[in-house]
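A short worksheet on the structure shown next.
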Amino acid sequence: MFRWLDPYAKPETLYHFCGRLLPWLLISAVLTLLLGGVWGLAFTPADYQQGDSYRIIHIHVPAAIWSMGAYSSMAVAAFVGLVWQIRVAQWSVLAIAPVGAVFTAIALVTGAAWGKPMWGTWWVWDARLTSELVLLFLYLGVLALAGAFSDQQRGIKVASLLAIVGVVNLPIIHYSVEWWNTLHQGATITKFAKPSIDASMLWPLLISLLGFALLLAALTCLRLRSQILKFEQHRPWVRQLVENN
């Protein structure tokens with residue numbers, strides 16, 4: 001069923017494919033983030049309870065959602081790499097991990113900045129906050145394990161196992177506000193039947209979500225190209241590429 005994906009398992013083909021996608025993804029990400037940011041920060045009305053401080057939602061929510069989206073993608077790549085021994089899938093784990101870690105760090109920092117005026121403190125050991133912090137440690141653990149072995153392939157396999165096991169943290173993050181009494185507010189845009197947010201605030205937030213998704217894809221493509229060159233540097237096609245540039 002997925003035979004059409006077979007050519008992209010070849011490092012050279014995937015390298016050039018990511019190269020073709022990269023400028024379009026970057027341009028789309030920048031334009032979308034500018035539109036969502038300007039609209040959300042300058043033109044949406046103030047919240048009746050939180051005032052203007054809620055506007056950080058246009059950074060915090062997309063970063064938090066895609067920190068989990070990136071981890072899901074990394075775990076899928078890890079599974080494919082381990083089960084079918086596809087090298088580019090294994091390298092994708094190393095490409096996604098640092099990007100996901102940065103998104104998670106952004107979510108934690110912006111969440112703290114949002115929580116200070118709302119809760120009166122920068123940090124509480126709230127279930128949502130704590131599980132998001134665990135997500136950051138999982139990303140860092142994957143990166144640390146990948147570089148902890150003299151045999152790089154063995155390191156990637158061990159890191160991939162951690163990535164797969166760590167998936168159990170994702171439903172904890174998502175449902176933590178329902179399973180436990182927490183300071184963190186409940187779902188807003190994920191309640192598709194009736195989002196708990198006015199349309200004037202929802203649309204710029206959705207645009208920001210799209211922008212972060214495009215940025216995640218662009219950065220992943222960029223890093224994956226670097227990983228391919230790193231592991232394929234002895235191949236004739238890489239030498240030819242270096243000579244031509």
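No experiment lies behind these values; they were computed from the predicted model shown. Every heavy atom of this structure was used, including side-chain atoms; hydrogens, water molecules and symmetry mates were not.
- The two residues Arg223 and Pro98 make their nearest non-hydrogen contact at NE-CG, 3.1 Å.
- Using a 4.5 Å heavy-atom cutoff, the side chains of Leu170 and Ser131 are not in contact.
- In terms of heavy-atom proximity, Ala101 sits nearest to Leu136 at O-CD1, 3.6 Å.
- Under a 3.5 Å cut-off, the side chain of Arg128 and the backbone N or O of Ile173 do form a donor-acceptor pair.
- Atom CG of Leu229 is separated from atom CG of Leu241 by 6.5 Å, given to the nearest 0.5 angstrom.
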Exercise for the section: Just do the side-chain contact (heavy atoms from CB on, under 4.5 Å) check on Asn169 and Phe137 with the steps written out, would you? Expected result: CA-CA 11 Å; Asn169 188 49; Phe137 290 152; over 6 Å; no
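- Proximity of a side-chain donor or acceptor of Glu132 to a complementary backbone N or O of Leu129 within less than 3.5 Å is not detected.
- His16 is not listed as a side-chain neighbour of Lys10, based on a closest heavy-atom distance of 4.5 Å or more.
- The main-chain N or O of Thr44 is found under 3.5 Å from a side-chain atom of Arg55 such that the two form a donor-acceptor pair.
- The distance from the CZ atom of Arg87 to the CD atom of Gln227 is 13.5 Å, given to the nearest 0.5 Å.
- Val99 and Leu215 fall within the same hydrophobic cluster, where Ile, Leu, Val, Met, Phe, Trp and Tyr residues are linked whenever their side-chain heavy atoms come under 4.5 Å apart, directly or through other members.
- Note: the hydrophobic cluster containing Ile96 does not contain Leu140 (ILVMFWY, side chain heavy atoms under 4.5 Å, direct or indirect links).
- Considering every non-hydrogen atom in both Lys230 and Gln152, the closest pair reads CE-NE2, 3.5 Å.
- Within a 6.0 Å radius of CZ in Arg154, no more than 12 heavy atoms belonging to other residues, nucleotides or ligands are found.
- The hydrophobic cluster containing Val142 does not contain Ile86, counting ILVMFWY residues as joined when their side-chain heavy atoms lie under 4.5 angstrom apart, directly or transitively.
- Taking every heavy atom of both residues into account, His58 and Tyr54 meet most closely at CE1-CE1, 4.5 Å.
- Atoms CG and OG1, on Leu210 and Thr32 in that order, are 5.0 Å from each other to the nearest 0.5 Å.
- In the hydrophobic clustering of this structure, Ile207 does not group with Leu26; members are Ile, Leu, Val, Met, Phe, Trp, Tyr whose side-chain heavy atoms approach within less than 4.5 Å, directly or through other members.
- Note that the OG1 atom of Thr220 and the CE atom of Met74 stand 11.0 Å from one another [nearest 0.5 Å].
- Distance CG/Leu145 to CG/Leu161: 9.5 Å, rounded to 0.5 Å.
- Within a 6.0 Å radius of CZ in Phe149, more than 12 heavy atoms belonging to other residues, nucleotides or ligands are found.
- A perpendicular orientation is assigned to the rings of Trp114 and His60, their planes being inclined by more than 60° (bins at 30° and 60°).
- Considering CD1 of Ile156 and CH2 of Trp91, their distance stands at 8.0 Å, rounded to 0.5 Å.
- Hydrophobic clustering of Ile, Leu, Val, Met, Phe, Trp and Tyr side chains at less than 4.5 Å, counting indirect connections, unites Leu216 with Ile59.
- Side-chain atoms of Tyr139 do not come within 3.5 Å of backbone N or O of Val102 as any donor-acceptor pair.
- Taking every heavy atom of both residues into account, Ala218 and Leu25 meet most closely at CB-CB, 3.7 Å.
- Here the side chains of Leu133 and Trp123 are in contact, with some heavy-atom distance below 4.5 Å.
- Panel note: side chain Thr13, backbone Ala9; no donor-acceptor pair is recorded below 3.5 Å.
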Problem - Stepwise side-chain contact (heavy atoms from CB on, under 4.5 Å) test for Val76 and Ser72 - result: CA-CA 6 Å; Val76 170; Ser72 300; 5.6 Å; no
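- Within the 4.5 Å cutoff, no side-chain heavy atoms of Glu12 are placed close to those of Glu232.
- Shown here for Ala63 and Ile106, the closest heavy-atom pair between the two residues is CB-CG2, 3.8 Å.
- No more than 12 heavy atoms of other residues, nucleotides or ligands shown are found within 6.0 angstrom of CH2 on Trp203.
- More than 12 heavy atoms of other residues, nucleotides or ligands shown are found within 6.0 angstrom of CH2 on Trp237.
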